[in-house]
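The next block holds one structure in the form of structure tokens; read it before the comments.
Chain letters run A, B, ... following the sequence lines, proteins first and then strands; every chain starts at 1.
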Number of protein chains: 2
Amino acid sequence: MNIQKSASVGRPRGFDADEALEKAMRVFWQNGYEGASLPDLTGAMGISRTSMYATFGNKEELFRKALARYADGPASYGAEAVVEPTARGVATVFLHGAVRSATLPGYPTGCLSLRASLIGGEDGQVIRGLLADWRDETSAMLRKRFQRAVDEGDLPAETDPALLTRYVMTIGNGVAVQAAAGAPRDELELITDAVLQSWPPALARPQRRTVTSGRRARV
Amino acid sequence: MNIQKSASVGRPRGFDADEALEKAMRVFWQNGYEGASLPDLTGAMGISRTSMYATFGNKEELFRKALARYADGPASYGAEAVVEPTARGVATVFLHGAVRSATLPGYPTGCLSLRASLIGGEDGQVIRGLLADWRDETSAMLRKRFQRAVDEGDLPAETDPALLTRYVMTIGNGVAVQAAAGAPRDELELITDAVLQSWPPALARPQRRTVTSGRRARV
DNA sequence: CCAATTGCGTACCGATCGATCCACAACTGC
DNA sequence: GCAGTTGTGGATCGATCGGTACGCAATTGG
């Protein structure tokens, strides 16, 4: 069931499963998970309900595969960012990737995971968990990369990698929302450029730091 | 139909319309528009379907009133910000208001308009338009305020008020998304502090602004 | 040609969506 | 008390949701 390969015997499939998944990804991207009805999906995919269920399992599985395709394709800038040689380069590639991905010509604007996550009652909990997992993966990648930068002296020793990660992702999320609201790419580029102009950001945790006496946090 | 006042004659209403609207607002805040079903809403409001329709019109009207309550209550920081004496003060109050509103104890995290807007097929177009209008109001307020700051010399003459507005709202949107994802208030405070540390941001339009160059996308 | 296997189209399933109908309850003014 | 008006609860509406049963089409292996 997990595979979407056509069998060797029997009637051959009348459509390309990869193209159909691409279309499904765009519909989810445009409408979110619950906002994408089965007629919406199958209509865009050019196939019938039965073919969709036979090939992809069900709506949730279809979304899972579409999300994987999204993460490996238009939203792969996270993995591209962490291989940059400097923390500033990481942030630059990440934020510019976020802008580019959220304003791709011919694709829906904004971020698929945002459109699909911020919704739903208790039934959408599975989907939200799926997206939270993916978000946490990206977050962990950045955090480890920033930790390495701290260890290497690329970032100030007092930098909190987790907080810096949240900082970068906050900007990225804001960019995605703005793109979904219709912000043009060039303006978002200018905004991310401005954010990157002050790097590293003045992020200092006021609370307890190291064992050395240091200054106490205010009560 | 627009009024929700109880009439002087006839059977008196068995519930408080204001309290019911407050509960409805929280349900929309938590679940979005389409994610909030009528049983969800009426259950939280403690009334029956019929009473809801008699008092508020329909689901869309109920959302309209809940949004108005939201804009005048937890999300009133936009209006509070623009009365600050300096542009930096405006940004500070706005961003800290965004953090505070998105992490109010006892309320759902994040922003109601975000949860309700980033979804839905063609039927949710009315709701999205409603939210876009509200967003545009806030955007226009900030833009005019920043324009005044430019005129007064509070901001550099080359500052683009619209672009600066988008910058501030991008951060605010990112904060809302992060809060909805579970980010604690103190971390978001640190992040907005870091953003405000570099003020005004290095936002420069590289080319001359055309005066009336077509319609601008909504912020 | 004949099974066996697999894709596909139609018609349908129970559940839930927002919304409404209608009889009755509860109140005001007379 | 009675007429008029308005709120409430229960039953129900048509539409749509995700998902499925079934019969036919199209292919492979003999």
Query raised in the report: Considering only heavy atoms and no angle criterion, is a donor-acceptor pair shorter than 3.5 Å present between the side chain of A:S37 and the base of D:dG18?
Result: no
Report task. Go through the N and O atoms of the side chain of B:R49 and the base of D:dG9, and report whether any donor-acceptor pair is under 3.5 Å. Result -> no
Report summary line: DNA chain D nearest-nucleotide lookup for B:S48 and B:G10: closer to the 5′ end is B:G10
Report task. Return the 5'-most residue of the pair A:V9, A:Y53 with respect to DNA chain D, ranking by each residue's nearest nucleotide. Result -> A:Y53
Here's one to test your reading of the geometry: is the NZ or CZ of [X] within 45 degrees of the ring axis of [Y] and under 6.0 Å from its centre?
| X | Y | result |
| --- | --- | --- |
| B:R13 | B:F15 | yes |
| B:R115 | B:F28 | no |
| B:R26 | B:Y107 | yes |

Take the protein atom [atom1] of [X] and the nucleotide atom [atom2] of [N], then report the distance between them rounded to whole Å.
| X | N | atom1 | atom2 | result |
| --- | --- | --- | --- | --- |
| A:N31 | D:dC17 | CG | P | 11 Å |
| B:M52 | D:dT8 | CE | C1' | 14 Å |
| A:I47 | C:dG7 | CD1 | C1' | 11 Å |
| A:M45 | C:dG9 | CE | P | 13 Å |
| B:N58 | D:dC13 | CG | P | 22 Å |
| A:L38 | C:dT16 | CG | P | 17 Å |
| A:F15 | D:dA25 | CZ | P | 20 Å |
| A:D16 | C:dC8 | CG | P | 12 Å |

Report task. Taking all non-hydrogen atoms of both residues into account, name the closest pair between A:L164 and A:P201 and its distance. Result -> CD1-CG, 3.5 Å
**Report entry** Donor + acceptor pair across side chains of B:D40, B:S37 (<3.5 Å)
**Finding:** yes
Requested in this report: Measure from the side chain of A:P12, starting at C-beta and using heavy atoms only, and say which of D:dT27, C:dA26, C:dA19 lies closest.
Outcome: D:dT27
Query - Per A:R11 side chain, nearest of listed nucleotides C:dT6, D:dG19, C:dA19 - result: C:dT6
Report summary line: Whichever of A:S51 and B:T50 has the more 5' nearest nucleotide on DNA chain C, that residue is A:S51
